[in-house]
2 protein chains.
Amino acid sequence: MSFSIKEASERLGCPAHTIRYYEKEGLLPFIKRDEHGNRLFEQQDLHWIKLMTCFRATGMPVAALKKIVDLAIAGPQTIPERRLLLENHKQELKRRQQELDDAFEAVDYKLSVYNEIENGKLDAKHGDFKMDDGTQ
Amino acid sequence: MSFSIKEASERLGCPAHTIRYYEKEGLLPFIKRDEHGNRLFEQQDLHWIKLMTCFRATGMPVAALKKIVDLAIAGPQTIPERRLLLENHKQELKRRQQELDDAFEAVDYKLSVYNEIENGKLDAKHGDFKMDDGTQ
DNA sequence: ATAAGCCTTAAAGCGTACTTGAAAGCAAGC
DNA sequence: GCTTGCTTTCAAGTACGCTTTAAGGCTTAT
């Protein structure tokens, strides 16, 4: 069971060009090829790409993924270091979670100000622009 | 009560150059100047910059902030449109929250795999690299 | 046999958001 | 009066992650 780059792309919702780019960057060190040099993706490759996409979407740089791959190639004795990298990313996830919570609060506050202005409870000049939509 | 750009920068933890860049982009349309042309930041300006920083950190593009500022300048009749922009950002926040949740799960799964390898419960070749740290 | 549709590589280009650098002006302290 | 340290503007540079382009090759359908 192996897939062409197009099938991989469709299953992952990720452009084929991006997958090639990842391979070029060393994030996919062992992708097999058919007799014409075409890439053959196994289920495991798709899993790994999906995992990388998940980490990328939450702010892990391509370079960090590359480092994890290089450590994995080096062997299981690098697991402590890899664990550290993941723990660091987990801290980063927590930081971002806090940022999201702050942003939710800010958005809701702003929406409530808009409502008060429209209900006439707040002077537009004061509550609208002067307060924080750009300052005055 | 007004602040120099350096004071603003220190209070916000945001480089002075970045604040100037925001002004140039139209995100700070009404920053006052002293008799020498130096920027004078009021408390309200700092609040607005802080709010923008909060939105930026959670993925709102500079262009979207610019649009909000332009609408605010246009007057309170643009509040429905501004509300829409904020509602959209709120949806984006929810999307990112889900991404973070997925990433937490993925990190924890990976960490548990590392633990199993180190405890000898899992073959390194299988559970470590072959499973998903790079694929093989 | 020729066009369609997939694949390959290498290189250049692009978008976003800063970030840095250069040149110069004003003000206070020694 | 000269240095220090702030400020200004404008322009160029940087970082990251794709994304697009170009040139070409194989395979299958018409």
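By convention in this document, chain letters (A, B, ...) are assigned in the order of the sequence lines, proteins followed by strands, and residues within each chain are numbered from 1.
- Remark: the B:Q97 side chain and the B:D101 side chain contain no N/O donor-acceptor pair separated by less than 3.5 Å.
- Applying the ring-ring contact (aromatic ring centres under 6.0 Å, His included) rule to pairs touching residues 74-96 of chain B yields B:F55-B:H89, sequence neighbours excluded.
- Defined by atom type and a distance below 3.5 Å, a donor-acceptor pair is missing between the side-chain atoms of A:N88 and A:E92.
- Checked for salt-bridge contact, A:D108 and B:K90 meet the test: a charged N lies under 4.0 Å from a carboxylate O.
- Look at A:R11 and A:E7 and you find no salt bridge, because none of the NZ, NE, NH1 or NH2 atoms lies under 4.0 Å from a carboxylate O.
- Residue whose closest nucleotide on DNA chain C sits further toward the 5' end, between B:K24 and A:F41: A:F41.
- Once rounded to the nearest 0.5 Å, the distance linking CG of B:D45 with NZ of B:K50 reads 14.5 Å.
- Near DNA chain C, defined here as any heavy-atom distance below 4.0 Å, there are no residues from residues 86-106 of chain B.
- Within the 3.5 Å criterion, the main-chain N or O of A:C14 finds a donor-acceptor partner in the side chain of A:S9.
- Protein chain A contacts DNA chain C over a range whose 5' and 3' limits, counting nucleotides with an atom under 4.0 angstrom from a non-hydrogen atom, are C:dC6 to C:dT9.
- Side-chain contact check for A:Y114 and A:N119: no donor-acceptor pair (N or O, by modelled atom type) lies under 3.5 Å.
- Taking 4.0 Å as the cut-off between side-chain N and carboxylate O, B:R83 and B:E87 do not count as a salt-bridged pair.
- Between A:I31 and A:L40, the shortest heavy-atom distance links the atoms CG2-O, 3.8 Å.
- Using modelled atom types, one side-chain atom of A:Q77 and one backbone atom of A:A74 make a donor-acceptor pair closer than 3.5 Å.
- The outermost nucleotides of DNA chain D lying under 4.0 Å from heavy atoms of chain A, listed 5' to 3', are D:dG17 to D:dT27.
- With rounding to the nearest 0.5 Å, the separation of CG in B:D133 from CD1 in A:I73 is 10.0 Å.
- In summary, B:E23 and B:R33 engage in a salt bridge, as defined by a charged side-chain N under 4.0 Å from a carboxylate O.
- Ion pairing between a basic and an acidic side chain is recognised when a charged N comes within 4.0 Å of a carboxylate O; A:K32 and A:E42 show such pairing.
- Sorted by residue number, the members of residues 5-22 of chain B with any non-hydrogen atom under 4.0 Å from DNA chain D read B:I5, B:K6, B:R20.
- Listed by residue number, the members of residues 58-67 of chain B with any heavy atom below 4.0 angstrom from DNA chain C are B:P61, B:V62.
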*CA sep, side-chain torsions, deciding dist, call: B:Y21, B:L27, side-chain contact (heavy atoms from CB on, under 4.5 Å)*: CA-CA 9 Å; B:Y21 163 72; B:L27 270 40; over 6 Å; no
